[in-house]
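Below is one structure, written out as structure tokens; comments come after it.
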Amino acid sequence: MKVVLGVCGGIAAYKAAEIVRLLQDRGIHVQVVMTEAAQEFVRPLTFAALSGEKVITEMFGAQGPASNPNIDSAIEHIAVAQSIDALLVAPATADLIAKFAQGIANDFLTTLYLATTAPVVIAPAMNVNMWNHSATHANIELLKSRGVTIVEPDSGYLACGMTGTGRLADDGAIIAAVMEALGISQDLSGETLLITAGPTREKIDPVRYLTNRSSGRMGYALAEAALRRGARVLLVTGPVFLTPPGAAEVSRVESAEEMRHAVLKLFPEATVAIMTAAVSDYRPSAVAPHKIKRDGATTLELQPTADILKELSQKRKSQIIIGFAAETENVLENARKKLISKSLDAIVVNDVSHEGVGFDSDRNAVTIITQGEVIEVPETTKWKVAQRVLDQVVGLRRLIPIAKS
Ligand code: CTP
């Protein structure tokens with residue numbers, strides 16, 4: 001998804017840098033467009049470095065569009081207008097609001113506004129008298145009547161030395177409005193999801209270990225989807241070749257015991273725990289101090305690892321706890337047994353004997369079993385499976401309110 005962040009000239013322009021980061025944390029691609037006045041407050045380089053994209057600063061270069069290194073073509077505003085999923089302006093000045101309201105298109109941002117059909121979100125910031133002026137008020141009402149979302153400014157001490165309404169709204173309110181404009185619900189805001197992902201590795205000797213085929217994709221998809229839906233995410237990950245989403249608070253572990261320690265430490269902070277990790281059930285009873293030499297047949301003595309999920313259930317306060325199970329036979333029956341024996345609120349089971357889904361794949365087909373329901377999710381992407389699992393979290397939360405500490 002792509003959002004243009006328009007930055008206008010005002011003291012609050014520096015706050016747009018944090019907005020870039022918060023949008024990127026939610027997996028959103030950000031293109032920054034700065035007005036001429038904005039560049040008096042913050043250098044375009046700041047936004048270019050943060051967004052990883054050249055910043056659009058003007059409509060045409062001094063010798064015409066071809067000479068402007070910021071713009072690829074003379075009709076860039078049309079190309080950008082057609083490619084975006086939302087236009088956010090933060091901070092928006094009284095001048096910009098007036099131009100939008102009147103349809104004046106004399107720079108890139110104002111032209112983009114007229115040329116796009118994507119939803120528009122405006123977060124104004126200005127002096128209290130400018131905000132309260134009937135001209136601004138009329139412009140705001142006009143924009144609202146045309147479907148523009150206005151994130152009302154907060155009141156408090158303003159940079160001009162006055163006190164009143166006019167301060168750029170809180171980052172959270174701006175991000176929530178953009179996510180709503182993008183059609184991404186914030187139904188997990190206030191939740192802290194503890195998610196485990198990937199395999200574990202149990203050392204045999206200094207060069208060998210026991211592990212499994214888990215890629216971590218399911219857990220990482222859940223982490224990213226939960227962040228987009230407004231949750232805080234604590235991701236405990238075994239060794240995988242994936243990049244965690246920027247906003248996840250990541251703990252990297254190797255063995256089942258390290259995963260257990262990390263999970264138990266974080267669990268009191270969590271309101272939801274989802275264990276997608278394929279935790280090794282066994283570990284070698286002893287780790288050989290030196291590489292085991294090939295010397296005829298050998299036997300590896302194994303001992304069971306602790307069942308982390310079961311331990312969590314015993315320690316739960318009001319957390320929602322969801323397990324995953326990969327089965328190859330008696331799929332539903334085995335999953336139901338685990339739902340009960342581990343005291344889970346739900347278990348997500350997949351039949352890993354099917355080729356092309358589950359381990360090491362971008363796709364999955366699962367059944368979500370709760371205490372009262374069986375929900376089939378036919379083969380689809382892990383992203384969509386993640387969304388369905390999170391829908392269950394939202395549903396379960398209606399039954400299990402968060403305990404007040
Ligand atoms: N699990 C865990 N700790 C373990 C093993 C598993 O927390 N030592 C969790 C997994 O993360 C998963 C759920 O328990 O969410 C079910 O894992 P699974 O391996 O299918 O179940 P087991 O209890 O190990 O049963 P079995 O392997 O015998 O089927």
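Values below: every heavy atom of this structure, side chains too, minus hydrogens, waters and symmetry copies. Indexing begins at 1, ligand by ligand and atom by atom, following the structure's order.
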May I ask you to identify, for Ala256, whether its side chain, its backbone, both or neither come under 4.0 Å of ligand 1 on a heavy-atom basis? neither
Are Lys338 and Glu327 ion-paired here, with the side-chain N under 4.0 Å from a carboxylate O? yes
How far is atom 9 (C) of ligand 1 from its nearest protein heavy atom, and which residue and atom name does that atom have? Leu309 CD2, 3.8 Å
May I ask you to list the atoms of ligand 1 that are less than 4.0 angstrom from any heavy atom of Gly323? 15 (O)
Return the closest protein heavy atom for atom 15 (O) of ligand 1 as residue, atom name and distance. Met275 O, 2.7 Å
Between the side chains of Glu257 and Arg260, is the shortest nitrogen-to-carboxylate-oxygen separation below 4.0 Å, so that they form an ion pair? yes
If you measure only the distance, is there a donor-acceptor pair under 3.5 Å linking the side chains of Thr237 and Tyr220? yes
So the atoms of ligand 1 within less than 4.0 Å of a heavy atom of Thr305 turn out to be 8 (N)
Among Gly219, Ala277, Ala325, Ala278, which residue places a heavy atom closest to atom 10 (C) of ligand 1? Ala277
Can a non-hydrogen atom of Ser341 be found less than 4.0 Å from any atom of ligand 1? no
Is any NZ, NE, NH1 or NH2 atom of the basic residue among Glu333 and Arg336 found under 4.0 Å from an Asp or Glu carboxylate oxygen of the other? no
Indicate every side-chain donor-acceptor pair of residues 152-170 with a distance under 3.5 Å to a residue at least two apart or in another chain.
from, atom 1, to, atom 2, distance (Å)
Glu152, OE2, Lys144, NZ, 3.3
Asp154, OD2, Asp170, N, 3.3
Asp170, OD2, Gly172, N, 3.2

Counting non-hydrogen protein atoms only, what is the nearest one to atom 3 (N) of ligand 1? Give residue, atom name and distance. Ile308 N, 3.1 Å
Going by heavy-atom distance to atom 5 (C) of ligand 1, choose the closest among Thr328, Asp281, Asp307, Ile322. Asp281
Out of Lys342, Lys310, Arg283, whose heavy atom sits nearest atom 23 (O) of ligand 1? Lys342
What is the closest protein heavy atom to atom 16 (C) of ligand 1, and at what distance does it sit? Phe324 O, 2.9 Å
Using modelled atom types only, decide if a donor and an acceptor are shared between the side chain of Thr136 and the backbone of Ala94 within a distance under 3.5 Å. no
Between Lys15 and Asp171, is there a side-chain N and carboxylate O pair less than 4.0 Å apart? no
Return the residue, atom name and 0.1 Å-rounded distance of the protein heavy atom closest to atom 8 (N) of ligand 1. Ala306 O, 2.8 Å
Could you check whether atom CD of Glu311 has more than 12 heavy atoms from other residues, nucleotides or ligands sitting under 6.0 Å from it? yes
Would Arg229 and Asp187 pass as an ion pair if we require N to O under 4.0 Å? yes
Top protein contact for atom 26 (P) of ligand 1, by heavy-atom distance: Lys338 NZ, 3.8 Å
